[in-house]
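Scroll down for the structure; my scribbles are underneath it.
First the proteins, then the strands, lettered A, B, ... as listed; each starts at 1.
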Amino acid sequence: MALSHLATSSSRSAALLRPLSSSISLRRPISTDTTPITVETSVPFTSHQCEAPSRSVETNPKELLTFFRDMALMRRMEIAADSLYKAKLIRGFCHLYDGQEAVAVGMEAAITKKDCIITAYRDHCTFVGRGGTLLEVFSELMGRQAGCSRGKGGSMHFYKKDSNFYGGHGIVGAQVPLGCGLAFAQKYSKDENVTFALYGDGAANQGQLFEALNISALWDLPAILVCENNHYGMGTAEWRAAKSPAYYKRGDYVPGLKVDGMDALAVKQACKFAKEHALKNGPIILEMDTYRYHGHSMSDPGSTYRTRDEISGVRQERDPVERIRKLVLSHDLATEKELKDIEKEVRKEVDDAIAQAKESPMPEPSELFTNVFVKGLGAESFGADRKEVRATLP
Amino acid sequence: MAAIFQGVGAAAALSSTPSNSFNSKKLLFSPRRSFSVRKGASVVVVRSDGNVNLDLNPRGRRAQQLIANAVATKADSSAASSSSKPGHELLLFEALREGLEEEMERDPCVCVMGEDVGHYGGSYKVTKGLATKFGDLRVLDTPIAENSFTGMGIGAAMTGLRPVVEGMNMGFLLLAFNQISNNCGMLHYTSGGQFTIPIVIRGPGGVGRQLGAEHSQRLESYFQSIPGIQMVACSTPYNAKGLMKAAIRSENPVILFEHVLLYNLKERIPDEDYICNLEEAEMVRPGEHVTILTYSRMRYHVMQAAKTLVNKGYDPEVIDIRSLKPFDLYTIGNSVKKTHRVLIVEECMRTGGIGASLTAAINENFLDYLDAPIMCLSSQDVPTPYAGTLEEWTVVQPAQIVTAVEQLCQ
């Protein structure tokens with residue numbers, strides 16, 4: 001069945017077909033296919049003070065299947081986190097990203113690991129997009145040693161320094177000046193990379209954002225401010241919080257672009273455009289029109305300020321994973337069954353990671369005092385019973 | 001090492017350049033008065049052998065630096081050479097600038113951000129000339145947006161740059177409190193050690209000359225509970241330069257408190273490279289009867305009171321604690337074990353100030369060594385008034401210090 005399906009499609013050279021009769025493998029040869037496919041985004045870009053990029057996005061089967069797999073993984077991970085929270089294994093705050101996966105995945109496709117990303121507290125999927133493992137995610141959520149921040153950060157404090165993921169911040173809007181600082185450091189070291197500072201529609205009303213934007217525009221920093229507009233700042237709808245909910249226009253003198261955030265390919269196109277723009281002309285604002293299915297956090301049912309019809313409507317019409325699924329099926333890149341198999345595989349991966357994370361121990365009591373300070377300068381002092389003090393130049 | 005400063009009484013011994021050839025001989029003096037004189041580079045040594053009526057050197061008493069020992073390692077390097085090189089004289093703000101300039105030359109990752117630090121040269125001239133020397137990318141004029149430029153400094157520090165963020169007045173940094181507390185202090189911990197924040201946040205604070213309530217704030221009391229930051233307060237050109245350099249080199253976020261009224265202090269400092277330990281207190285004047293702990297501008301009020309006290313027959317030991325977080329409990333503890341009486345003189349408010357924390361820390365650790373309850377003289381719990389007389393009564397004056405010591409030593 002799979003073979004005949006393959007043989008009939010004309011977009012692939014036969015050379016890529018490996019004899020599959022021996023085994024029905026889950027990984028089909030097309031997953032390595034890089035022949036370009038052009039897809040039109042369903043919604044055009046709207047721009048402010050700049051030229052919008054074209055609606056035709058270049059992609060290829062491999063990328064599309066990677067999108068599908070990654071987004072399915074993120075979706076599964078968030079739903080698993082939901083159950084873990086209800087089972088009281090995750091405590092405190094847990095902000096879930098399901099529905100918004102396209103932003104994380106599309107952004108990664110357009111940039112390298114040398115570009116910096118910084119985001120707010122809805123950071124689980126962004127962390128995974130940057131290369132974080134499921135084990136690190138679940139361990140950190142459960143406060144175990146194997147977590148990315150050794151169990152000391154929690155849901156809102158995921159960081160991955162080696163792939164330039166700067167977190168993970170709990171205070172709304174405070175990450176935007178940090179992001180502009182990252183962009184400043186990039187300009188200082190002249191390394192031709194950019195910083196994506198993500199924030200939400202709620203944070204878009206923070207003063208420090210405009211302060212940072214002013215400084216970035218003044219100093220020509222390669223900062224890209226990305227507003228993940230899921231239309232609700234916790235329980236407050238955007239039209240009740242912002243006089244002008246056109247967040248991409250709020251930079252005034254800074255150009256902006258409004259993007260369909262549920263379309264991973266549109267996100268990819270926009271981020272690519274933004275990166276080129278930022279390196280040449282300084283800051284730019286991207287507004288990703290997206291949606292979250294869960295409430296603001298696990299303590300918020302998410303249905304007191306919006307109707308269930310609205311949520312299911314978006315899920316039916318705009319769901320990012322479904323969109324890629326339809327794209328893959330319509331281009332005959334995989335069969336229904338194969339996609340279902342990928343989802344099953346992903347589910348198993350998530351379950352395995354959770355099981356492994358549950359095994360991971362809680363941090364040692366001595367960890368309470370580690371990483372408060374970095375000892376430096378060769379100069380140390382101790383408490384009341386210290387024996388000696390030394391001061392040496394490094 | 002004469003220190004000349006405006007407005008505060010006659011020169012009190014405050015210089016901290018260590019002595020060299022003087023050693024433990026002075027410890028053999030009569031225990032009642034330990035009049036020890038430190039040799040300055042260009043000053044003749046005067047030693048008194050326990051005379052009761054002493055002939056005070058008209059410039060005032062000099063502090064003997066070499067107290068306990070191992071501290072001398074720092075002393076040695078500059079001590080050995082201070083006799084050969086006379087050093088150079090400068091004002092405190094120039095010392096800060098020198099420290100900053102040397103560090104910027106040494107490490108290209110050091111940059112300065114603040115309001116009017118670049119082209120204007122700094123509102124207290126600390127960064128004068130640096131912008132022309134290092135360029136606009138390393139000495140950055142920011143708009144008036146403390147919250148965001150402090151945040152940007154922290155973001156830059158996360159990648160490895162070493163920004164020095166200047167608050168034009170410490171009080172303005174209240175606007176950046178969120179960034180300082182949550183991001184600066186805590187990121188090293190919440191990231192499990194992945195990020196270090198080698199930032200220096202500095203600026204003048206304290207009560208000035210009728211600047212009004214909002215411009216006379218003492219932020220050390222607000223910042224002291226933030227976990228993860230270090231706080232130091234400089235008081236002389238020598239330790240200003242040393243602490244500035246140490247703070248820049250430190251991998252931890254350091255808040256350096258300067259004082260508006262101390263910028264024009266003059267002192268002779270060594271020519272060669274030196275730093276001051278960030279966590280160490282400074283022995284200003286060793287003594288036997290009472291330990292007076294102080295920092296920043298109050299040091300001078302204390303030294304002024306010390307002159308009066310000496311004339312009255314007391315022998316106060318004055319320690320400039322310098323490190324506001326963490327406290328140098330070692331030096332302080334040794335002193336408490338020697339004198340058994342503690343007086344804290346600070347410019348912070350009475351409620352929740354540095355003195356309050358220090359009182360608690362000493363009580364916890366050294367209660368057995370205390371002969372009397374700790375006395376703490378702090379500023380009044382009021383917004384600093386504008387009127388000159390009222391402002392004077394807000395802060396601790398030398399006369400009050402003298403009375404307090406007399407009370408303590410009864």
### Message
Is Q186(A) close to chain B through its backbone or its side chain, or both, or neither, when contacts mean heavy atoms under 4.5 Å?
### Response
neither
#### Entry: Verdict with supporting geometry, N183(B) and Q175(A), side chain to side chain contact (heavy atoms under 4.5 Å, CB included)
CA-CA 9 Å; N183(B) 293 332; Q175(A) 76 277 10; over 6 Å; no
#### Entry: chain A interface, residue from T196(B), L175(B), I144(B), L187(B) that has the most non-hydrogen pairs under 4.5 Å
L187(B)
#### Entry: Residue part contacting chain B, namely of L218(A), when any heavy atom lies under 4.5 Å
side chain
### Message
Which heavy atom of F195(B) sits nearest to which heavy atom of F165(A), and what is that distance?
### Response
CZ-O, 3.8 Å
### Query
Measuring heavy-atom distances to chain A, does P108(B) have an atom under 4.5 Å in its side chain, in its backbone, in both, or in neither?
backbone
### Query
Say you draw a straight line from CH2 of W219(A) to CG of L140(B); how long is it, rounded to the nearest 0.5 Å?
4.0 Å
### Which portion of L209(A) sits near chain B, non-hydrogen atoms under 4.5 angstrom
neither
### Query
Measuring heavy-atom distances to chain A, does I154(B) have an atom under 4.5 Å in its side chain, in its backbone, in both, or in neither?
both
### Message
Using heavy-atom distances under 4.5 Å, tell me whether M186(B) contacts chain A through its side chain, its backbone, both, or neither.
### Response
neither
### Task
Using a cut-off of 6.0 Å, state whether more than 12 heavy atoms not belonging to F93(A) lie near its atom CZ.
no
### Message
Show the nearest heavy-atom pair for residues V110(B) and Y188(A), with the distance to one decimal.
### Response
O-OH, 3.4 Å
### Query
Does atom CZ of F177(B) have more than 12 heavy-atom neighbours from other groups under 6.0 Å away?
yes
### Query
Can you find a pair of side-chain heavy atoms, one from Y189(B) and one from L368(A), that are under 4.5 Å apart?
yes
### Message
Given heavy-atom pairs under 4.5 angstrom as the criterion, report whether the side chain, backbone, both or neither of E364(B) touches chain A.
### Response
neither
### Query
Tell me, do F149(B) and E211(A) make a side-chain contact under 4.5 Å, heavy atoms counted?
no
### Query
Does C111(B) reach the side chain of F184(A), with side-chain heavy atoms less than 4.5 Å apart?
yes
### Interatomic spacing from OG1 in T190(B) to OH in Y159(A) - rounded to 0.5 Å
3.5 Å
### Query
Which pair of non-hydrogen atoms, one from G192(B) and one from R150(A), has the smallest distance, and what is that distance?
O-NH1, 3.3 Å
### Query
Any idea which of A156(B), S191(B), A145(B), G193(B) has the most non-hydrogen atom pairs under 4.5 angstrom with chain A?
S191(B)
## Note on the structure
Distance col, row N182(B):CG vs I171(A):CD1, nearest 0.5 angstrom, shows 4.5 Å
### Side-chain (Q208(A)) to main-chain (N147(B)) donor-acceptor, under 3.5 angstrom
no
### Message
If I compare all heavy atoms of I215(A) with all of S148(B), which pair ends up nearest, and what's the gap?
### Response
CD1-OG, 4.1 Å
### Query
How close do N178(B) and A174(A) get, heavy atom to heavy atom, and via which atoms?
ND2-CB, 3.5 Å
### Message
For the CG atom of D191(A) and the OG1 atom of T159(B), what is their distance to the nearest 0.5 Å?
### Response
9.0 Å
### Heavy-atom pair of closest approach, residues Q194(B) and K160(A)
OE1-CA, 3.3 Å
#### Entry: Residue part contacting chain A, namely of I229(B), when any heavy atom lies under 4.5 Å
backbone
